Amino acid sequence: MVTCGRCNKSMVFEEYEDTHCATHYNLCWKIGDEKLDFDDENAIQYLLRQHLPKHAARQKKVKFVCEWCQNEKKSVVGFASHVKRCQSRPDKQGLHNEVENGFGIVKKSDIKTIEKSDDSTVTCGRCKKEMTFNEYRTKHYSKHFNLCWIDGEEILDLGNYDTVLNKLRQFIPFSVVRKRGVKLCCEDCKTVKKSLSGFASHVIFCSKTPDDIKHLLTRCEDCGNKVKPSSLITHKLKTCKGVNNIENGKNISDNSKRAYKMRRKRRPPNVLSFHPDTKYITEYHDFMCRLCDFITISVNDIVDHLLNVHDIVFNKKKDSLNNYTLNKYEGHRNIYLKPLLNYYNFFTKTFWKDVCHKDFKSDVIVLTNDEAIKYLPSIQQSCKIFSSNDEQMCVDLFKSVYVNGMHWLFTGGPNWAMSWCPVPKEVQTQYLAISCHPKPDLEHKEMEIYQYQSLVQLWRFDSLTNIIDEAASCTPHMSYGVAHDYGAVWDMAWCPSGAYEPPQKIGLLALSTSCGDCPIFAMPFMDDISEMFYIYKAKHIVARNFECEWIEGGIQCTKVCWQSVSPFKTLICGYSNGVVSVFHINFKSIFLTNDILYPSHTFIASRSCITGLSLNYFNTTILATSATDGNVTLWDLKSTENPIFQKKSHCPSDCTWLQQCYTLVYCSKVVNPIFSKVRTINFSNCDDDLDGYNPELYVLKSVIDRNKILGNCDEVKNNEKIYCDDTDENKTLNQSNISGDGESYKSDDSSANSDQDKSYNAGKSGDLLKNIDEEDFYGPAFYQKSTHWSVSTSDWMNVIATGNENGVIYEKLFLSETNNIGKGNSTVLQLMVRQLLSNDNTQSEYSDGYRFNETVKKFGLESKLFFLNEKELKDQDDSKPLLRYPLDNITKVSWNQNFNSFRWLAIGTQSGFTLISPSQAIPENSIDSFYKTIYASIDNFDDTTDISM
């Protein structure tokens with residue numbers, strides 16, 4: 001006979017080994033043996049895995065229930081961690097696992113719930129009310145929020161924080177918690193709490209005397225201070241001296257290390273809270289006073305006006321404010337129209353107010369033919385492309401064609417950098433700057449520098465409007481080229497405003513190059529609309545990091561962006577060694593010497609190559625960076641000693657702001673499909689306090705008046721339904737399919753992707769399942785397939801665009817009202833490699849080599865557009881030859897951000913083609929409604945009806 005040291009139950013040894021150990025998940029011992037240390041997580045995990053069947057943890061078929069607090073865990077690591085910190089453990093409470101009943105000792109594990117039928121009568125132990133068991137089980141227990149018990153069963157310990165919190169979590173659905181829909185009222189004092197942890201803490205301390213409260217406080221293991229159980233996490237993150245010891249490098253305990261690591265899991269900060277003068281985009285409305293002609297864009301200004309001029313005092317609630325004010329666009333609540341109107345107001349009030357770079361003159365010389373030919377790409381003719389009629393054609397260098405609803409521009413080499421030139425609202429002509437490698441087979445290493453002759457091409461679109469039928473009739477042509485000697489261009493950025501000065505220049509263009517320098521050109525204005533072009537050498541200044549001169553071998557400049565605040569003279573560059581430098585363009589500055597501009601501020605953002613760099617429009621000191629070490633980081637340029645937010649991801653390749661929603665979007669270059677996601681991080685949390693906050697549940701909010709908008713959910717569904725009807729005609733063009741839910745990219749051959757789809761579908765029900773990725777709680781995401789090199793967001797439409805190395809370009813509409821990516825508003829453009837017909841019947845699917853010239857002899861390109869209700873794309877992974885040039889690799893995507901052409905997306909490819917494609921993510925009638933609304937006279941606003949679907 002042996003006795004279990006966990007429950008003091010005696011039995012034969014065979015029964016102990018065969019069955020009894022399983023009841024404790026193998027976490028038990030025989031009396032006489034060494035007692036199990038529940039604080040040793042490694043030993044706990046080892047014993048748990050011995051108990052599990054083979055592959056159970058890998059197949060995620062694990063479920064553990066704590067014997068002390070009945071908390072459920074679905075992973076070995078999670079349960080081991082819970083056992084270590086469980087506050088209901090007998091040794092932590094100073095109790096044995098037993099209770100006295102007056103006659104003897106009865107173990108808690110021996111207390112069994114009596115089975116009852118639905119018609120049996122039971123008495124609630126909380127309120128002593130009698131009822132049938134069916135009524136208790138289906139209705140009554142919800143009145144107590146699951147904090148009740150049946151007379152005769154074990155009494156619920158309402159003084160134990162973990163027990164109360166676990167009972168609440170079993171009752172409240174996870175979807176309600178995540179959407180901040182919790183509203184719990186205390187039965188005794190009628191106090192309302194809006195979080196599970198806050199209500200659990202209130203239940204414990206409600207109606208308690210000061211002496212009782214002191215006994216119920218939890219003592220911090222690190223510093224010895226007593227705090228409420230719900231505030232323990234916040235205490236460890238903010239005020240605990242144990243955490244401070246970590247930063248000071250002193251000796252610390254394991255518990256302190258665990259608390260310090262939890263800082264990585266804190267939710268994204270509220271960007272609004274860093275600078276009070278920052279305005280959220282939803283505030284950019286024209287508020288008009290109903291009592292006079294006063295108009296303002298600020299809520300605070302209209303409140304002050306009503307108080308000072310009309311002597312009206314109210315409680316600042318929105319319902320009261322609406323009684324005295326009128327919103328210019330209040331009638332237009334369409335989910336497609338609202339982002340356009342919001343950004344239009346911001347665009348007109350922020351950009352193109354003044355000319356900011358009068359002292360930066362354009363000075364160019366024309367190169368002769370012999371000089372210019374050194375800078376031209378080596379490929380003079382493109383690979384073949386297929387039209388919708390299966391006709392084959394080639395495009396000459398610097399020429400363009402209109403095929404399959406898109407403009408195809410042949411630049412002569414892989415396009416890794418491109419950007420649309422910002423122009424004022426009244427300018428119709430559009431310019432696109434493109435830089436390509438001079439030779440298609442060039443290879444570059446990250447830790448080396450390259451300097452050779454190259455060319456920046458400026459393409460002109462005389463009429464590229466948001467009305468697709470009108471834009472199709474205009475053929476783009478190359479306006480001119482700017483020659484330089486800085487090697488490959490990895491990124492480029494135009495000055496966002498104040499640099500368009502015809503007839504001198506159209507703007508300032510900054511390039512990040514492989515030699516480490518960042519040249520800034522004043523691009524000349526050319527009014528000649530002929531198809532002849534010239535190659536220029538332009539005078540410029542060079543933004544150069546000190547480390548380019550100090551480090552042996554040099555570093556590459558990988559990313560560049562401008563700060564979007566007047567006078568638009570701040571330039572930021574990221575480098576291959578993880579350094580970020582800030583430059584201020586001022587010709588009188590001490591940092592400018594002999595046309596070399598040195599940085600006014602430099603800081604180390606990473607220990608590896610910077611892959612993404614993006615500044616926030618509405619809080620212009622907030623900089624987002626991504627690096628190859630996996631860190632996505634947020635910096636305040638006013639103080640860069642420490643980041644304000646940092647998150648580890650899977651090798652991010654690019655990042656950019658979804659400006660209207662304070663949401664950061666980033667993509668990845670990955671091999672494992674499990675990590676293949678385009679992810680978002682929402683930084684518009686409206687609750688800055690962490691009291692009662694569960695760090696594993698990131699509750700997000702995208703707009704200020706969320707409750708008002710969520711009340712119109714039917715409107716969102718109706719808009720999506722109407723959009724489905726609008727695209728029925730287009731769906732007949734192509735019979736291939738994409739995912740119906742628009743969120744996951746499915747493949748029949750990939751078991752990993754099918755598991756991911758199950759994870760997403762389960763997540764929609766609101767339950768926190770074991771296979772949901774922790775990173776998804778930062779914001780919505782969608783699955784990509786293979787590596788994505790670039791991501792771009794439309795500031796006007798709230799549309800995310802990205803493309804992968806298999807030629808698939810995604811367009812996803814982000815719904816700021818619900819902080820979600822639209823299911824029925826996604827389009828996919830696929831660039832497919834197609835084998836050319838040959839008279840040789842023995843032709844292999846493999847080319848003679850993986851170089852460009854060998855590949856284009858046997859392969860061509862075609863494109864197809866897929867709409868939202870189609871289910872599968874053509875999977876090219878199985879058919880793609882390993883030994884051929886990647887013609888379909890998408891290297892860069894860039895939205896046009898100008899008023900007249902914001903629907904157009906530029907897509908760079910490895911084949912040398914740049915595709916100019918119109919977005920199909922929003923319907924045509926929403927574009928028409930947008931222009932009708934902004935051009936309508938304000939005098940007729942009172943008679944305006946809702947024209948937005």
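Keep in mind the model is a prediction, meaning the values are calculated, not measured.
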Validation row, ring centre [X] to ring centre [Y] under 6.0 Å:
| X | Y | answer |
| --- | --- | --- |
| Y666 | H788 | no |
| F410 | F398 | no |
| F461 | Y431 | no |

Note, [X] side chain near [Y] side chain (heavy atom, < 4.5 Å):
| X | Y | answer |
| --- | --- | --- |
| I681 | V632 | yes |
| F902 | W895 | no |
| K374 | L367 | no |
| L613 | I572 | yes |
| F386 | E391 | no |
| L829 | Y810 | no |
| S435 | L511 | no |
| W420 | S901 | no |

Could you pull out the closest heavy-atom pair between [X] and [Y], with the gap in Å?
| X | Y | answer |
| --- | --- | --- |
| V893 | A801 | CG2-O, 3.6 Å |
| T411 | C436 | O-SG, 3.5 Å |
| L813 | M797 | CD1-O, 3.3 Å |
| P886 | Q910 | O-CB, 3.1 Å |
| P440 | S378 | CD-OG, 3.9 Å |
| R903 | I922 | NH2-O, 3.9 Å |

Can [X] and [Y] be counted as having a side-chain donor-acceptor contact under 3.5 angstrom?
| X | Y | result |
| --- | --- | --- |
| S576 | T558 | no |
| S919 | E811 | yes |
| D396 | Q380 | no |

Could you tell me the separation between the [atom1] atom of [X] and the [atom2] atom of [Y], rounded to the nearest 0.5 Å?
| X | Y | atom1 | atom2 | answer |
| --- | --- | --- | --- | --- |
| S614 | W657 | OG | CH2 | 7.5 Å |
| H437 | F852 | NE2 | CZ | 13.5 Å |
| F859 | S911 | CZ | OG | 14.0 Å |
| I927 | I467 | CD1 | CD1 | 7.0 Å |

| message | Is there a side chain to side chain contact (heavy atoms under 4.5 Å, CB included) between C667 and W789? Walk through the geometry before answering. | response | CA-CA 7 Å; C667 57; W789 295 109; over 6 Å; no
| More than 12 heavy atoms of other groups within 6.0 Å of K439 NZ | no
| query | So, T909 side chain and N889 main chain: donor-acceptor pair closer than 3.5 Å or not? | reply |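 No.
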| message | As a quick check of understanding, evaluate side chain to side chain contact (heavy atoms under 4.5 Å, CB included) for H407 and L915, giving each step before the final call. | response | CA-CA 6 Å; H407 296 287; L915 312 181; over 6 Å; no
| message | If you apply the rule side chain to side chain contact (heavy atoms under 4.5 Å, CB included), what do you find for S419 with W494, and how did you get there? | response | CA-CA 7 Å; S419 182; W494 292 87; 3.2 Å; yes
Quick one: do [X] and [Y] make a salt bridge, cutoff under 4.0 Å?
| X | Y | result |
| --- | --- | --- |
| K384 | E862 | no |
| K537 | D485 | yes |
| D390 | R834 | yes |

| field | Criterion side chain to side chain contact (heavy atoms under 4.5 Å, CB included) on I890 and L831, from CA distance to verdict | value | CA-CA 9 Å; I890 305 300; L831 191 65; 4.3 Å; yes
| request: Let me see the working for D629 and S606 under side chain to side chain donor-acceptor pair (under 3.5 Å), right down to the final yes or no. | output: CA-CA 8 Å; D629 61 359; S606 175; 2.8 Å; yes
